[in-house]
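Here is the structure we will look at.
For this chain, numbers begin at 1 and follow the sequence in order.
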Amino acid sequence: MADAAHIPEEAETRAKWGAFAFTPVTKKLADIYIGRYPAGRQQSAVMALLDLAQRQVGEETKTQGWLPVPVIEYVAQYLGMPYMRAYEVATFYTMYNLGPVGRYHVQVCGTTPCMLRGSDDIMAACKNRGLVKGATTPDGLFTLTEVECMGNCSSAPMVQINDDNFEDLDYDSMTAILGDLADGKQPKIGTQLPGRHTVEPYGGPTTLQAMVDKNHDYRGEY
């Protein structure tokens, strides 16, 4: 992909990450995840362990984290599986970063529902903040990626920044979110529309009014 993160040279990567190993805290979590699978199926924990490894790299680099090849090799060895099988998982899911990213990984959904609801404005807000697809800002703060559907179509357009979703965005709210992050503040997570909680109809229900009136609360709270 043209906007994929740059992957460092192998010699550089191995020099820095060749001795990677789980910390005691990460190892404890890894063994818990592995223990959830029956004997002979422990390799099924590969997704969880790759995520743990990426988070550990993130803690060490003060970024959102990524998976250098030696780290993927370590996870494969930990699970007793061929490296290529772990690599196939890491390259299939966009939740894994194959190259270094910034402290905040801004993933903008560009699939049809978000596009129709204004994802171009979200990309414009990112661009005007100095973000470029597939690149990290010079200060190491932001990496911008365009991704496919992340399942928030009812509150499109949306972005995922690290572990948090920001929904019902427009140019101004996206600009404000990036500004807050740059200033070290925590922006509001989730929908950015006032009075909306999740993905209930904005402004109130339009169908099943009799059921709504009976239960008093269209969110299902009795």
Would you list the atom pairs, donor with acceptor, under 3.5 Å between side chains in residues 99-106 and any protein atom, with sequence neighbours excluded?
residue : atom : partner : partner atom : Å
His105  : ND1  : Asn97   : OD1          : 3.3
His105  : NE2  : Thr145  : OG1          : 2.7

Quick one: salt bridge (charged side-chain N to carboxylate O under 4.0 Å, His left out) pairs with a partner in residues 72-88, sequence neighbours left out?
-> Arg14-Glu73
So with a 6.0 Å cut-off around CD of Glu60, is the heavy-atom count from everything else above 12?
-> yes
Quick one: ring-ring contact (aromatic ring centres under 6.0 Å, His included) partners of Tyr74, sequence neighbours excluded?
-> Phe20, Phe22, Tyr78
Separation between CE of Met158 and CE of Met174, rounded to the nearest 0.5 Å = 10.5 Å
What distance separates Glu146 CD from Ile122 CD1, expressed to the nearest 0.5 Å?
-> 12.0 Å
With sequence neighbours excluded, tell me which residues meet ring-ring contact (aromatic ring centres under 6.0 Å, His included) with Tyr37.
-> none
Heavy-atom closest pair, residues Thr137 and Leu141 = OG1-N, 3.4 Å
Grab the two heavy atoms, one from Pro113 and one from Ala156, that are nearest each other, plus how far apart they are.
-> O-CB, 3.8 Å
What pairs meet the ring pair (Phe, Tyr, Trp, His ring centres under 6.0 Å) rule with one or both residues in residues 171-192, with sequence neighbours excluded?
-> none
dist Thr143:OG1 -> Lys133:NZ (nearest 0.5 Å) comes out at 14.5 Å
Any idea which heavy atoms bring Ala86 and Leu50 closest together, and the distance?
-> O-CD1, 3.9 Å
Shortest non-hydrogen contact from Gly140 toward Thr136 | CA-CG2, 3.8 Å
Got a donor-acceptor contact below 3.5 angstrom from the Glu148 side chain to the Gly110 backbone?
-> no
With distance as the sole criterion, is a donor-acceptor pair present between the side chains of Asp172 and Thr175 under 3.5 Å?
-> no
Answer yes or no: are there more than 12 heavy-atom neighbours, outside Glu9 itself, under 6.0 Å from its atom CD?
-> no
How far apart are the closest heavy atoms of Ala90 and Leu98, and which atoms are they?
-> O-CD2, 3.9 Å
Using a strict cut-off of less than 4.0 Å between a Lys/Arg side-chain nitrogen and an Asp/Glu carboxylate oxygen, indicate whether Asp164 and Lys188 qualify as a salt bridge.
-> no
Is it true that atom NZ of Lys16 has more than 12 heavy atoms of other residues, nucleotides or ligands lying nearer than 6.0 Å?
-> no
May I ask you to decide if Ala21's main-chain N or O and Gln56's side chain share a donor-acceptor pair within less than 3.5 Å?
-> yes
Hits for side chain to side chain contact (heavy atoms under 4.5 Å, CB included) against Arg196, two or more places apart or cross-chain, chain-then-number order -> Ser155, Asp168, Thr191, Leu193, Val199, Glu200, Tyr202
